[in-house]
Amino acid sequence: MRILISNDDGIQSPGLRALVEALRDYGELWVIAPDREQSAVGHAITLSEPIRLFPWTMEGVDHVYAISGTPADCVKLAITELMPEKPDMVLSGVNRGENTGISVIYSGTVSAATEGTINDIPSVAVSLGSFTSTRFEPAAEVARRVVDLVIARGLPADTLLNVNVPDLPLERLKGFRATRQGRARFQETFIKRADPRGKIYYWMDGAKVPLQETETDSAALHEGYVTITPIRLDFTHHEFLPELRRWPLELHAEAKA
Ligand code: MN
């Protein structure tokens, strides 16, 4: 079994370390992660500058690299260039902070897993429901169980699993909930300041908007459940497509008349 592990918090992240520790006895691990934090870069890829590779050391892991790119770059470079054979699975995380609802769109963590799915490799993203906690071990243990299930059951084509774990000790986690992606989002605020030379800059901040959702990733996570959400590559709103086709979609209506 050959597993590729990446993240968006960077190669030095304790969440990445916890995931590596948990998966250590699963076979050949490859750790290829950004050389710095790349949270919220989404599925960005690097085209306008080189991608640098820095051999790294991590106890007990043979193949560890930090790269000067995004999470999607990490998985692309690993699969097409660095690894002699495709991995059997791609894992991303454990991320510092939940990736539920609308955050999935911005998440570099989810994007590393998405890149695996694009390459037809079963892929799982794992995030911890806290931006301040250092308790990554329960989430890493959950990741192990999910990996076992994916090995046993497989995943449908073009589908990845997005797993979010409450910041609780393992024995206090209420169990798994298979959920849909919700609509939870952050309301951004911009802090406006002056730099030492008097130039104005902005720094984005935000707070989660409270929502009365049920049966979503965000809602179940905050009830203390590990959430597991199947995410697909296809963004198409299939149910709306027939209605859309009934729109007068004519570019040259007057020529026809
Ligand atoms: Mn992150």
Side-chain angles (χ1 to χ4, degrees), residues 3-23 30-46 51 54 56 58 64-78 90-117 123-143 146 160-168 181-182 184-189 203-209 217-218 221-222 226-229 231:
I3 301 178
L4 170 61
I5 300 180
S6 192
N7 76 348
D8 77 356
D9 292 337
I11 192 84
Q12 312 214 40
S13 157
L16 178 74
R17 184 81 224 179
L19 194 53
V20 169
E21 291 299 329
L23 274 300
W30 287 68
V31 178
I32 299 170
D35 65 353
R36 68 202 73 181
E37 169 143 16
Q38 293 277 359
S39 290
V41 301
H43 208 96
I45 52 173
T46 303
I51 299 171
F54 307 101
W56 205 267
M58 203 172 270
V64 189
Y65 297 97
I67 75 158
S68 66
T70 66
D73 288 334
C74 288
V75 176
K76 271 190 201 300
L77 190 65
V90 174
L91 300 179
S92 181
V94 174
N95 187 59
R96 187 189 297 278
E98 67 186 80
N99 277 308
T100 59
I102 298 298
S103 294
V104 168
I105 293 168
Y106 303 103
S107 171
T109 305
V110 173
S111 287
T114 303
E115 191 61 41
T117 302
S123 300
V124 180
V126 185
S127 304
L128 178 66
S130 166
F131 288 99
T132 51
S133 174
T134 54
R135 178 169 45 196
F136 290 103
E137 288 71 21
E141 180 57 32
V142 165
V146 174
L160 57 124
L161 294 179
N162 182 33
V163 176
N164 284 277
V165 183
D167 177 31
L168 294 169
Q181 182 188 349
R185 58 160 295 190
F186 284 81
Q187 180 57 59
E188 285 79 19
T189 49
W203 200 312
M204 201 189 298
D205 193 12
K208 204 107 196 248
V209 182
D217 47 5
S218 178
L221 180 73
H222 292 104
V226 173
T227 68
I228 182 161
T229 305
I231 304 276

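We count ligands from 1, going down the list as the structure has it; atoms in each ligand are counted the same way. These figures come from a predicted structure and were not determined experimentally. No hydrogens, no waters, no symmetry mates; every other heavy atom, side chains included, goes into these values.
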Exercise for the section: Indicate whether the side chain of Thr46 and that of Asp73 have a donor and an acceptor atom separated by less than 3.5 Å. Expected result: yes
Handout entry: Leu161 and Thr229, any side-chain heavy atoms less than 4.5 Å apart
Key = no
Handout entry: Check: Leu160 and Val124 side chains under 4.5 Å, non-hydrogen atoms
Key = no
Handout entry: side chain to side chain donor-acceptor pair (under 3.5 Å) evaluation trace for Thr227 with Asp217
Key = CA-CA 6 Å; Thr227 68; Asp217 47 5; 5.9 Å; no
Exercise for the section: Flag the pair Asn7 / Thr109 as yes when at least one side-chain heavy-atom distance between them is below 4.5 Å, and no otherwise. Expected result: no
Handout entry: Main-chain N/O of Ala44 paired to Thr70 side chain as donor or acceptor, under 3.5 Å
Key = yes
Exercise for the section: For the Mn ion (ligand 1), state how many protein N, O or S atoms fall inside a distance shorter than 2.8 Å. Expected result: 4
